[in-house]
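The structure appears below as structure tokens.
Atoms considered below: every heavy atom in the structure, side chains included; atoms not considered: hydrogens, waters and symmetry mates. Counting starts at 1 for both ligands and their atoms, following the listed order.
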Amino acid sequence: MKRLSGQDRELTAKWRPATRAVRGGTARTEHGETSEALFLTSGYTYERAGDAAARFAGEQVGMTYSRLQNPTVEMLEHRIALMEGAEACRTTATGMAAMTAALLCQLSAGDHMVGGRAAFGSCRWLTDTLLPRFGIETTVVDARDPQQFADAIRPNTKVFFFETPANPTMDVVDLRAVCDLARRHGITTVVDNAFATPALQRPMEWGADVTAYSATKMMDGQGRVLAGAVCGTRAFIDDVLLPFTRNTGPTLSPFNAWVVLKGLETLDLRIRRQSDNALEVGRFLEGRVPRILHPGLPSHPQHNLACKQMDACGPIFAFEVEGREQAHALLDALELIDISNNIGDARSLMTHPASTTHASVAPDKREEMGVTEGLLRLNVGLEDAADLLDDLDQALGRAGL
Ligand SMILES: *Cc1c(COP(=O)(O)O)cnc(C)c1O
């Protein structure tokens, strides 16, 4: 493999984010292929026994086994790290594998973690169910209020874990305030940046230590594969995360890595267009539905904060109708927009979180998170916005709105 300009640190440092997304991390074989090569191999061979020994001893550069290294996966890791402005990145099989690894690699029995209360359902399961089983205490706070993080700190607090914007209520966390607070107390911040992606928000610029991704969402962007990623300092990725992932095996398939590499080439274009479409759809719904939660609209209580830390507000937002019955009626009346719990797709998708993504969260915790019975979450795709408005107009009418 020939290292290309995409792996030259000095050159890539000068590139703007959209260029990094297209070219970052690319390496070519002797064939000089334009598009990244797909290495579907689980293992590697050695010229001599001494080479194998040297590689295992870390004295010779080279790959040993695809749970640990793979050329296609490495290209993706380089690219994501560059887009993030991070020293290093490690990919995983899914977003949840990334979240689980980012937390378990650094927490031990007796430690304490503070988590944001509005979160992806499985992230809440980690904080509420899995970590306590291993003697890791967690406190869940309203992450919109930095003071709640401050009040929750204990002598054994090791990690702050939150999403911004958060799924599905679009709570926005003040990255600067919360990351500064964590720094002062020697606490590591882990930010789930799946909704914004590095194309719209780079939490490390505001002081975050670790960012974690579901690359399944906007990074693939076309609803094809599952993938995840964790970014951090070289020391965090190599010395803290890697011992955990190499021995527990949440490794990303080279095929899926290749698909995400292709997805990243168009991420900037897609996410900006989808953000514009989402704003247009949000403006249409405002006033027509009882409540709308869209950080791009001035009516959102954290609109100014969202504008400060994000380049655009992304394709996802939520709104409320009267209750579960009306929410389901609206979904059933849709003709263009699909009923789907996925997000980040180029297709517009709508879901009722209380009966799908957040059904596993206890009803009282759901209410507390703001996942009400009438809440609907919309992922706005790349269709012509006028067609989306037509579909919503007729579906709202049929649902009695
Ligand atoms: C989807 C999602 C996850 C989980 O990612 P998977 O790739 O589905 O495992 C985690 N956090 C957020 C915010 C998500 O939207």
Side-chain angles (χ1 to χ4, degrees), residues 76 80 89-104 115-131 140 143 160-173 175 189-201 203 208 210-231 245 248-253 255-257 259-260 263-264 267 271 274 278 293 295 310 313-318 340-345 349-351 353 356-361 369-371 375 377-380:
L76 177 63
I80 295 175
C89 167
R90 185 79 184 168
T91 52
T92 53
T94 65
M96 283 322 301
M99 305 308 153
T100 307
L103 298 178
L104 282 183
R117 120 188 137 180
F120 187 69
S122 293
C123 292
R124 276 299 297 259
W125 186 85
L126 290 182
T127 31
D128 297 351
T129 308
L130 184 77
L131 296 181
V140 170
F160 284 172
F161 175 49
F162 57 87
E163 300 168 16
T164 182
N167 193 352
T169 51
M170 308 307 291
D171 288 0
V172 179
V173 182
L175 283 164
T189 40
V190 178
V191 181
D192 179 344
N193 198 34
F195 269 39
T197 80
L200 298 185
Q201 173 175 269
V210 177
T211 51
Y213 286 97
S214 169
T216 313
K217 309 295 168 54
M218 279 310 294
M219 286 188 176
D220 168 27
Q222 287 141 92
R224 300 165 295 192
V225 298
L226 296 167
V230 183
C231 298
T245 55
T248 56
T251 313
L252 180 62
S253 138
F255 179 77
N256 291 359
V259 172
V260 178
L264 289 179
L267 173 65
I271 204 161
Q274 287 181 239
L293 304 162
M310 301 176 77
C313 286
I316 304 148
F317 69 92
S340 173
N341 47 283
N342 200 9
I343 48 172
D345 201 289
L349 310 172
M350 202 192 288
T351 196
T356 59
T357 52
H358 289 69
S360 67
V361 181
M369 287 165 75
V371 181
L375 190 79
R377 186 190 67 195
L378 179 56
N379 170 76
V380 181

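For ligand 1, the atoms closer than 4.0 angstrom to any heavy atom of I343 are 15 (O). Near T94, meaning under 4.0 Å from one of its heavy atoms, ligand 1 places the atoms 7 (O), 9 (O). Taking every non-hydrogen atom of G95 and a distance limit under 4.0 Å, the qualifying atoms of ligand 1 come out as 5 (O), 6 (P), 7 (O), 9 (O). The ligand atoms of ligand 1 that sit less than 4.0 angstrom from a heavy atom of F195 are 15 (O).
I80 places a side-chain heavy atom less than 4.5 Å from the side chain of M219. Between L293 and L375 the shortest side-chain heavy-atom distance falls below 4.5 Å. In this structure, the side chains of Q222 and V259 stay at 4.5 Å or more apart for every pair of heavy atoms. At a threshold of 4.5 Å between non-hydrogen side-chain atoms, the residues L252 and V260 do not count as touching. Under the 4.5 Å side-chain criterion, counting only non-hydrogen atoms from C-beta, F162 is in contact with L175. Side-chain contact between V361 and V371: absent, with no pair of heavy atoms (C-beta onward) separated by less than 4.5 Å.
A119 and R124 get closest at one heavy-atom pair: CB-CG, 4.0 Å.
Under 4.0 angstrom from ligand 1, the non-hydrogen atoms of M96 come from both its backbone and its side chain.
A donor atom on one side chain and an acceptor atom on the other are not found under 3.5 Å apart for N342 and S340.
Between A194 and ligand 1, not a single N/O pair is under 3.5 Å apart. The shortest N or O to N or O distance between E163 and ligand 1 is not under 3.5 Å.
Of the protein's non-hydrogen atoms, F120 CE2, 3.4 Å is the one closest to atom 4 (C) of ligand 1. Atom 7 (O) of ligand 1 has T216 OG1, 2.6 Å as its closest protein atom, hydrogens excluded (heavy atom only). Of all protein heavy atoms, the one lying nearest to atom 14 (C) of ligand 1 is K217 NZ, 3.0 Å.
Taking each of G344, A229, G121, S214 in turn, the one with a heavy atom nearest to atom 8 (O) of ligand 1 proves to be S214. Among N167, D192, T92, T100, the residue whose heavy atom sits closest to atom 12 (C) of ligand 1 is D192.
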